[in-house]
Protein chains: 2
Amino acid sequence: MAEQGQYEELARQLSAIGAVKRDLARVLPHECPPGAAAVLVVLDRHGEMRIGRLAELLAIDMSVTSRHVAHVAERGWIDRSPAPEDRRSRILRLTPAGRELITELSDRYSRALADHLRDWSDDDVRQLSSLLARMRADFGDCRASTTRIPA
Amino acid sequence: MAEQGQYEELARQLSAIGAVKRDLARVLPHECPPGAAAVLVVLDRHGEMRIGRLAELLAIDMSVTSRHVAHVAERGWIDRSPAPEDRRSRILRLTPAGRELITELSDRYSRALADHLRDWSDDDVRQLSSLLARMRADFGDCRASTTRIPA
DNA sequence: TATTGTTATACTCTATAACTATA
DNA sequence: TATAGTTATAGAGTATAACAATA
């Protein structure tokens with residue numbers, strides 16, 4: 001268990017990280033805002049899935065996910081085929097165009113990071129990724145386990 | 001220099017960190033949205049300053065900063081006294097009420113983090129803070145040094 | 001003429017709630 | 001009746017550009 005001062009410092013750093021995210025977002029193509037990019041990244045990473053699962057992985061509400069998905073579907077980057085076992089759902093899958101785009105996005109993100117983090121060792125980058133993943137998991141676990149009592 | 005795959009992983013983690021920030025934001029009092037809280041945190045951390053300097057430290061545009069500042073000033077958490085040497089500027093300073101609030105905010109942030117990161121050692125927390133600070137600095141340096149060529 | 005701030009406008013992201021269709 | 005997804009609405013954050021006052 002860390003001291004309060006350490007938590008306050010971490011809170012400050014988390015708040016400030018928005019600037020980095022905004023810088024990164026600037027490398028995205030015009031038609032592909034960060035929310036749309038996130039959808040493509042998750043589909044590329046985890047394969048085809050329904051919207052509910054996507055929302056879970058993105059840790060945002062399904063209503064928001066639905067809009068991002070509509071955006072990328074309208075542009076032909078994913079297709080939505082009927083789910084065989086549940087006609088309420090559709091299966092989301094990257095199209096060839098989507099796969100091309102996600103490759104381009106990965107390149108741009110990587111180039112931007114490599115450019116700014118010139119002095120970072122492979123281990124530095126790995127360590128930061130790993131700590132962020134762990135933090136996210138520790139928050140997510142709690143979200144899942146907390147019994148929500150409706151007002 | 002790290003490999004491309006490591007940068008892609010970092011990009012994913014950065015994208016996903018929004019969920020943690022939103023969870024943290026939920027502990028804030030109703031009248032104090034995250035942008036307002038950030039203003040108070042910086043003033044508490046760095047002492048009185050003008051808006052321009054505040055915008056720099058927050059790494060957001062001055063126009064945005066101006067609105068956050070108006071919000072906290074309207075609620076009596078800061079005062080704006082005339083800058084003695086430049087009548088275009090005012091000096092922003094926490095009021096006693098603002099100082100009370102920032103103490104409350106720090107407590108809430110710390111409690112939330114301590115609650116979720118129960119298993120983290122002091123060193124884990126310190127290391128994550130330090131890596132985030134370094135990343136922010138490496139991005140910020142570039143922003144400052146890049147010559148912006150207007151289109 | 002250049003700089004400090006403010007305001008108007010527009011865009012993106014997000015959540016809540018109401019609604020449709022299917023289980 | 002419960003669940004998957006969509007849509008409408010509203011709130012928060014941000015940037016750009018036009019504008020005011022002062023340097």
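Just so it is clear, the structure is predicted and the values come from calculations on it, not from any experiment.
Applying the side-chain hydrogen bond (donor to acceptor under 3.5 Å, both in side chains) rule to W120(B) yields the partners D138(A); only residues at least two apart in sequence or on another chain are considered. Legend: residues meeting side-chain contact (heavy atoms from CB on, under 4.5 Å) with P33(B), ordered by chain and number and at least two apart, are A36(B), H71(B). Scanning for side-chain contact (heavy atoms from CB on, under 4.5 Å) contacts around R111(B) gives D107(B), with sequence neighbours left out. With sequence neighbours left out, the side-chain hydrogen bond (donor to acceptor under 3.5 Å, both in side chains) criterion links D79(A) to no other residue. Shown here are the side-chain hydrogen bond (donor to acceptor under 3.5 Å, both in side chains) partners of Q127(B), two or more places apart in sequence or in another chain: there are none. For D44(A), there are no salt bridge (Lys or Arg N to Asp or Glu O under 4.0 Å) partners at least two apart in sequence or on another chain. In this structure, T103(B) has no side-chain hydrogen bond (donor to acceptor under 3.5 Å, both in side chains) partners at least two apart in sequence or on a different chain.
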Nucleotides 21-23 of chain D: which of its N/O atoms have a protein N/O under 3.5 Å away?
residue	atom	partner	partner atom	Å
dT22(D)	O2	R88(B)	NH1	3.4
dA23(D)	OP1	R87(B)	N	3.1

For nucleotides 8-12 of chain D, give me every protein contact, N/O to N/O, under 3.5 Å, one pair per line with atom names.
none

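Annotation: the span from E9(A) atom CD to L132(B) atom CG amounts to 9.5 Å, rounded to 0.5 Å.
Computed from coordinates, the L28(A) CG to dC13(C) C1' distance equals 14 Å when rounded to whole Å. The separation between I78(A) atom CD1 and dG5(D) atom P is 12 Å, rounded to whole Å. Between H71(B) atom NE2 and dT7(C) atom P there is a gap of 15 Å when expressed in whole angstrom units. A straight line from CZ of R22(A) to P of dG13(D) spans 11 Å, rounded to a whole angstrom. In this structure, M62(B) places its CE atom 14 Å from C1' of dC19(D), rounding to the nearest Å. For R26(A) and dA15(D), the CZ to P distance is 7 Å, given to the nearest whole Å. Remark: C1' of dT16(D) and CG of D61(B) are 8 Å apart, rounded to the nearest angstrom. Spacing between atom CG of D23(A) and atom P of dT14(D) amounts to 13 Å, rounded to whole angstrom units.
For dT7(D), neither phosphate oxygen OP1 nor OP2 lies less than 4.0 angstrom from any side-chain nitrogen or oxygen of S66(A).
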For residues 81-88 of chain A, which side-chain donor-acceptor pairs fall under 3.5 Å, sequence neighbours excluded?
residue	atom	partner	partner atom	Å
S81(A)	OG	R93(A)	NH2	3.0
D86(A)	OD1	R88(A)	N	2.9
D86(A)	OD1	R88(A)	NE	3.1
D86(A)	OD2	R88(A)	NH2	3.0

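No side-chain donor-acceptor contact under 3.5 Å links D123(A) and S121(A).
Residue pairs meeting the salt bridge (charged side-chain N to carboxylate O under 4.0 Å, His left out) criterion with at least one partner in residues 32-41 of chain B, sequence neighbours excluded, do not occur; the list is empty.
Contacts with DNA chain D (heavy atom under 4.0 Å) in residues 37-54 of chain B: none are found.
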